[in-house]
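Just so you know, residue 1 is the first one in the sequence shown, and it goes up from there.
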Amino acid sequence: MAALLFDFVRACAQPGADFPRAAILASRNDGQFWAAFTNVERQSFMRTVAAAGDLACLEVAVQHCGRSVDGSVMQPSAVLVAAAAAGHVDVCEWLLQAGWEVGSETVLAAVCKAAAAAGHMPVLQLMTGDAHLPVQDAQDLFAVWSAIAHGAFEGGHVHVVAWLYGECGFPNVLPPAPQAAAAAAAAAAAAPAQQRRNYGSRNSSFTTMELAALAAAGGHMQLLEMMMPALQNAAREPVAAAAAAPPPAVAAGSLGIGLELLAKAAYGCTLEVLDRLCDLLQPQLPVMTPRALGMLLSHAAASPTVGRRDKAHFVLARFRAPGAAAKRLMPTFEPQPMHVGKAWDGWQEMARQPGFLQLLQDLAEAGLRRSCVSPAAACAAARAGHVVALAWLEQQAGVGRKGITNRAVLRAAVLGGRSNVLQVRAGYVRCLRALGRWDRVGMTSPGLLSLHPCASQPCSIRAVLTRHALALHT
């Protein structure tokens with residue numbers, strides 16, 4: 001039983017492991033057993049137990065893993081987030097009563113966002129109560145309410161959005177009926193609190209489009225449909241400069257919230273919804289540029305929906321003028337900072353989907369060969385393990401021309417853990433000798449972990465390739 005639990009703790013970060021409740025409870029008094037685990041393993045184990053919602057096992061986990069190897073108290077935020085995301089309000093209450101306080105606005109926002117993204121109202125009501133979010137401090141903690149809104153739209157939970165509006169007047173994006181119902185419910189529960197939590201001034205056309213982009217990216221078309229009247233109003237209003245100002249780190253390279261909304265709709269929604277939003281927003285969009293077209297096209301082509309090919313053709317037909325003008329508007333797919341979500345790497349995202357070779361050929365047939373035959377496309381193919389697509393790209397450009405080099409491809413294949421790419425590289429050993437200073441480059445990634453037995457510690461790309469060279473050429 002101890003061996004079973006040991007293996008579980010070591011591998012509990014991996015999904016699908018059976019939860020060994022009996023073994024955990026049996027080890028309650030075995031301090032020596034728990035002393036063998038690292039801080040990372042302790043954190044991962046506590047998160048797993050919190051997400052499982054078993055209070056008895058959580059007591060054991062906190063008793064033995066609540067402190068790091070050196071005896072200091074572990075950070076509780078990740079454990080609270082795991083419990084909130086799973087909707088275990090009793091686990092959250094127990095952790096808070098056991099002294100695992102939220103501690104900061106940032107942690108409270110993370111816990112609330114996790115609960116909102118999964119639609120867990122009891123956890124939200126606990127965490128936004130006066131004990132953790134005092135009414136008198138609410139005006140200074142808008143970030144928490146904003147995080148709830150972002151989580152609710154990411155998860156597509158209309159009931160959370162309606163409740164949130166009733167609590168603080170933000171965001172004002174749903175039809176009046178749900179808002180009135182939510183306001184009535186909030187008034188019956190805590191009328192004084194509602195009066196002092198008024199974020200109505202934070203509503204803006206930028207906020208409406210930002211939240212719509214979150215819903216569109218997740219394919220939450222019911223929520224997006226309910227937002228259409230608010231989106232129509234937002235499209236008619238010029239976005240106020242103060243409300244539209246993005247974070248300084250994003251402002252320099254972003255393309256605007258209107259384009260991002262269309263891009264996220266191209267990614268997560270149907271062609272019909274994308275068409276409607278184009279009709280609504282296109283008159284307000286800036287002049288189309290290669291970078292903007294690349295962002296729209298890559299979102300459509302990288303879509304996990306069944307109609308991604310049709311959406312890609314639609315984007316080209318809608319935003320790329322025919323004839324000579326089209327030749328001047330060649331999309332580019334460089335990494336793109338975003339208001340909504342993480343930075344977008346078009347080639348990496350497109351390569352995640354099956355049929356990458358077909359996509360490349362479609363782009364070439366549409367007159368975009370100059371855009372798709374590139375070093376970035378080859379590296380994305382190598383990192384995703386698309387051997388045939390990589391061969392096609394090299395046939396079109398030639399290895400060593402247009403920047404598609406063995407060195408870059410090998411590096412991408414290692415970072416992606418793609419042994420199938422490594423096995424078919426021409427001149428494999430010769431390229432290995434040409435890697436130069438990579439001996440001294442320390443790197444960690446899931447790809448290295450899958451290719452090298454010691455990759456849990458920083459190791460060099462050349463060490464991984466040497467191991468594979470010996471295996472393939474002996």
Side-chain angles (χ1 to χ4, degrees), residues 149-150 152-154 156 158 161-162 165 170-179 202-246 254-289 291-305 307-322 329 331 336 338-341 344:
H150 283 73
F153 278 87
E154 286 177 8
V158 177
V161 179
Y165 177 81
F170 174 89
N172 186 13
V173 296
L174 295 185
Q179 293 173 359
R202 302 282 187 150
N203 292 300
S204 67
S205 54
F206 175 83
T207 297
T208 299
M209 291 190 182
E210 180 188 31
L211 296 176
L214 289 170
H220 305 303
M221 285 176 281
Q222 178 189 7
L223 180 55
L224 198 61
E225 187 68 34
M226 296 178 71
M227 293 182 68
M228 280 298 178
L231 282 172
Q232 290 169 355
N233 292 333
R236 286 194 293 265
E237 299 172 4
V239 180
S254 63
L255 293 171
I257 194 62
L259 273 169
E260 284 195 28
L261 173 52
L262 288 184
K264 298 306 178 184
Y267 180 82
C269 297
T270 62
L271 178 57
E272 291 75 18
V273 171
L274 175 60
D275 191 14
R276 287 178 61 192
L277 286 174
C278 283
D279 290 340
L280 182 65
L281 298 175
Q282 191 168 359
Q284 308 294 329
L285 296 180
V287 176
M288 189 60 57
T289 64
R291 198 157 60 98
L293 180 59
M295 184 177 75
L296 291 174
L297 181 57
S298 61
H299 273 80
S303 172
T305 63
R308 61 175 176 270
R309 191 176 183 185
D310 292 336
K311 288 189 286 188
H313 287 304
F314 171 83
V315 168
L316 287 175
R318 181 99 184 206
F319 294 100
R320 192 167 181 256
L329 187 58
Q336 171 65 48
M338 306 287 282
H339 291 292
V340 176
W344 178 263

Minimal non-hydrogen separation, [X] against [Y], with atom names:
X	Y	value
Phe170	Ala149	CE2-CB, 3.9 Å
Phe314	Cys278	CE2-SG, 3.8 Å
Tyr267	Ala302	CE1-O, 3.4 Å
Leu285	Gly258	CD2-C, 3.8 Å
Ala212	Leu261	C-CD1, 3.6 Å
Ala301	Arg308	O-CD, 3.3 Å

Check your understanding: Do you see a donor-acceptor pair shorter than 3.5 Å between the side chains of His220 and Glu154?
Key ->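 No, because no side-chain N or O of His220 sits under 3.5 Å from a partner of the opposite role on Glu154.
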Do the side chains of [Y] and [X] get nearer than 4.5 Å, heavy atoms only?
X	Y	value
Val340	Glu210	yes
Leu271	Thr305	no
Met227	Phe153	yes
Arg318	Asp279	yes
His299	Met295	yes
Ser205	Asn233	no
Met228	Leu277	yes

Practice item. Evaluate the side chain to side chain contact (heavy atoms under 4.5 Å, CB included) criterion for residues Met288 and Leu329: first the C-alpha distance (whole Å), next the side-chain angles of each, then the deciding distance (0.1 Å), finally the verdict. Key: CA-CA 8 Å; Met288 189 60 57; Leu329 187 58; 4.0 Å; yes
Practice item. Before giving the answer on side chain to side chain contact (heavy atoms under 4.5 Å, CB included), spell out for Leu224 and Leu231 the whole-Å C-alpha distance, their side-chain angles and the decisive distance to 0.1 Å. Key: CA-CA 9 Å; Leu224 198 61; Leu231 282 172; 4.3 Å; yes
[X] [atom1] to [Y] [atom2] distance, which is reported to the nearest 0.5 Å:
X	Y	atom1	atom2	answer
Thr289	Phe319	OG1	CZ	12.0 Å
His339	Phe206	NE2	CZ	5.0 Å
Lys264	Leu274	NZ	CG	13.5 Å

Point to revise | From Leu174, Leu214, Leu211, residue fulfilling side-chain contact (heavy atoms from CB on, under 4.5 Å) relative to Leu223 | key: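 The side-chain contact (heavy atoms from CB on, under 4.5 Å) with Leu223 is passed solely by Leu174 among Leu174, Leu214, Leu211.
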With no hydrogens and no angle check, is any side-chain donor or acceptor of [X] less than 3.5 Å from a backbone partner on [Y]?
X	Y	result
Ser303	Ala300	no
Asn203	Asn172	yes
Ser298	Gly294	yes

Point to revise | Test log, rule side-chain hydrogen bond (donor to acceptor under 3.5 Å, both in side chains), inputs Gln284 and Arg236 | key: CA-CA 8 Å; Gln284 308 294 329; Arg236 286 194 293 265; over 6 Å; no
Review point. Is Arg276 atom CZ crowded by more than 12 heavy atoms from other residues, nucleotides or ligands, each under 6.0 Å away?
Key: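 No.
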Review point. Is the count of non-hydrogen atoms from other residues, nucleotides or ligands lying under 6.0 Å from Gln222 atom CD greater than 12?
Key: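 No.
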**Study point:** Steps toward salt bridge (Lys or Arg N to Asp or Glu O under 4.0 Å) verdict (Asp275, Lys311)
**Key:** CA-CA 9 Å; Asp275 191 14; Lys311 288 189 286 188; over 6 Å; no
